[in-house]
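All values reported here derive from a predicted model rather than from experimental measurement.
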Amino acid sequence: MGESAVCLSACPYILAGGVSRSADPAAVVGVHQHYFGENTLLPAFLAVEDVQRGQGAVIEYLDEMGVDAMLMAPALKTPPDEIYILDAEDLRRYRLVTEAIDDG
């Protein structure tokens, strides 16, 4: 990701699919809770099952891509209308980047 790149919401999961992943220190990468919209047709327990099933699939995907599934912790703690911005340490710790970031 280049200097002016912005990668928010579902974009970090796309980034996770890269074989070689890097981000300029000025790039912005952020996550938040998954938002599935309101569903008035399903009972609450079925909606919760769907959300949990989807999150389980994301965790499996992250693991398959070599990204620490703990990336989901800040995502799950951040409401869908907010963004948790991952700093350079987060990007390294969660292995969202595969190449060293030059912090200047």
Side-chain angles (χ1 to χ4, degrees):
M1 294 179 44
E3 179 180 10
S4 61
V6 176
C7 182
L8 305 174
S9 194
C11 181
Y13 304 114
I14 296 168
L15 176 61
V19 175
S20 175
R21 304 182 297 262
S22 64
D24 186 274
V28 179
V29 182
V31 295
H32 61 94
Q33 293 172 356
H34 300 159
Y35 178 72
F36 297 97
E38 288 189 34
N39 187 334
T40 57
L41 301 176
L42 284 178
F45 76 93
L46 291 177
V48 169
E49 282 181 13
D50 283 350
V51 168
Q52 290 176 338
R53 189 176 303 110
Q55 290 172 337
V58 170
I59 289 169
E60 289 175 336
Y61 165 74
L62 291 173
D63 184 61
E64 185 179 330
M65 296 298 108
V67 175
D68 187 344
M70 286 303 294
L71 172 63
M72 291 296 289
L76 291 171
K77 292 178 184 177
T78 306
D81 60 342
E82 297 177 20
I83 292 286
Y84 176 89
I85 302 299
L86 300 159
D87 63 22
E89 178 58 30
D90 290 332
L91 294 172
R92 283 189 289 265
R93 179 178 51 242
Y94 298 129
R95 298 187 307 274
L96 195 54
V97 294
T98 59
E99 299 175 11
I101 299 173
D102 179 12
D103 293 321

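- Under the rule for a side-chain contact (heavy atoms from CB on, under 4.5 Å), the partners of Ala69 that lie at least two apart in sequence or sit in another chain are Ile59.
- From Arg92, atom CZ reaches atom CG of Leu86 across 12.0 Å, with rounding to the nearest 0.5 Å.
- Checked against side chain to side chain donor-acceptor pair (under 3.5 Å), Ser4 has no partners two or more places apart in sequence or in another chain.
- Screening residues 67-84 for side-chain hydrogen bond (donor to acceptor under 3.5 Å, both in side chains) gives Tyr84-Asp90 as the qualifying pairs, with residues at least two apart or on separate chains.
- When hydrophobic residues (I, L, V, M, F, W, Y) are linked wherever their side-chain heavy atoms come within less than 4.5 Å, the members clustered with Val28 are Val6, Leu8, Ile83, Ile85.
- Cluster partners of Ile14: none. The rule joins Ile, Leu, Val, Met, Phe, Trp and Tyr whenever side-chain heavy atoms lie under 4.5 Å apart, and it links nothing here.
- Other residues, nucleotides and ligands contribute at most 12 non-hydrogen atoms within 6.0 Å of the CD atom of Glu3.
- Atom CG of Leu76 sits about 9.5 Å away from atom CG of Leu71, to the nearest 0.5 Å.
- Scanning all heavy atoms of the two residues, the minimum distance from Val29 to Pro12 falls at CG1-CG, 3.8 Å.
- Here the side chains of Pro79 and His32 are not in contact, with every heavy-atom distance at 4.5 Å or above.
- Residues Tyr61 and Tyr13 come closest through the heavy atom pair OH-O, 2.7 Å.
- Applying the salt bridge (Lys or Arg N to Asp or Glu O under 4.0 Å) criterion to Glu64, with sequence neighbours excluded, gives no partner residue.
- Pairing each heavy atom of Gly2 with each of Ala27, the nearest pair is O-CB, 3.4 Å.
- Taking both residues in full, the closest heavy atoms of Val58 and His34 are given as CG2-CE1, 3.7 Å, listed atom of the first, atom of the second, then distance.
- Judged by distance alone, the side chain of Arg95 and the main-chain N or O of Met65 form no donor-acceptor pair under 3.5 Å.
- Legend: residues meeting side-chain contact (heavy atoms from CB on, under 4.5 Å) with Ala73, ordered by chain and number and at least two apart, are Met70.
- The two residues Val31 and Pro74 have their closest heavy-atom pair at CG2-C, 4.3 Å.
- Residues Gln33 and Gln55 form no side-chain contact, since every pair of their non-hydrogen atoms from C-beta on lies 4.5 Å or further apart.
- Partners of Tyr94 according to the ring-ring contact (aromatic ring centres under 6.0 Å, His included) rule, which considers only residues two or more places apart in sequence or in another chain, do not exist here.
- Listed here is the closest heavy atom pair of Cys7 and Met1: CB-CE, 3.5 Å.
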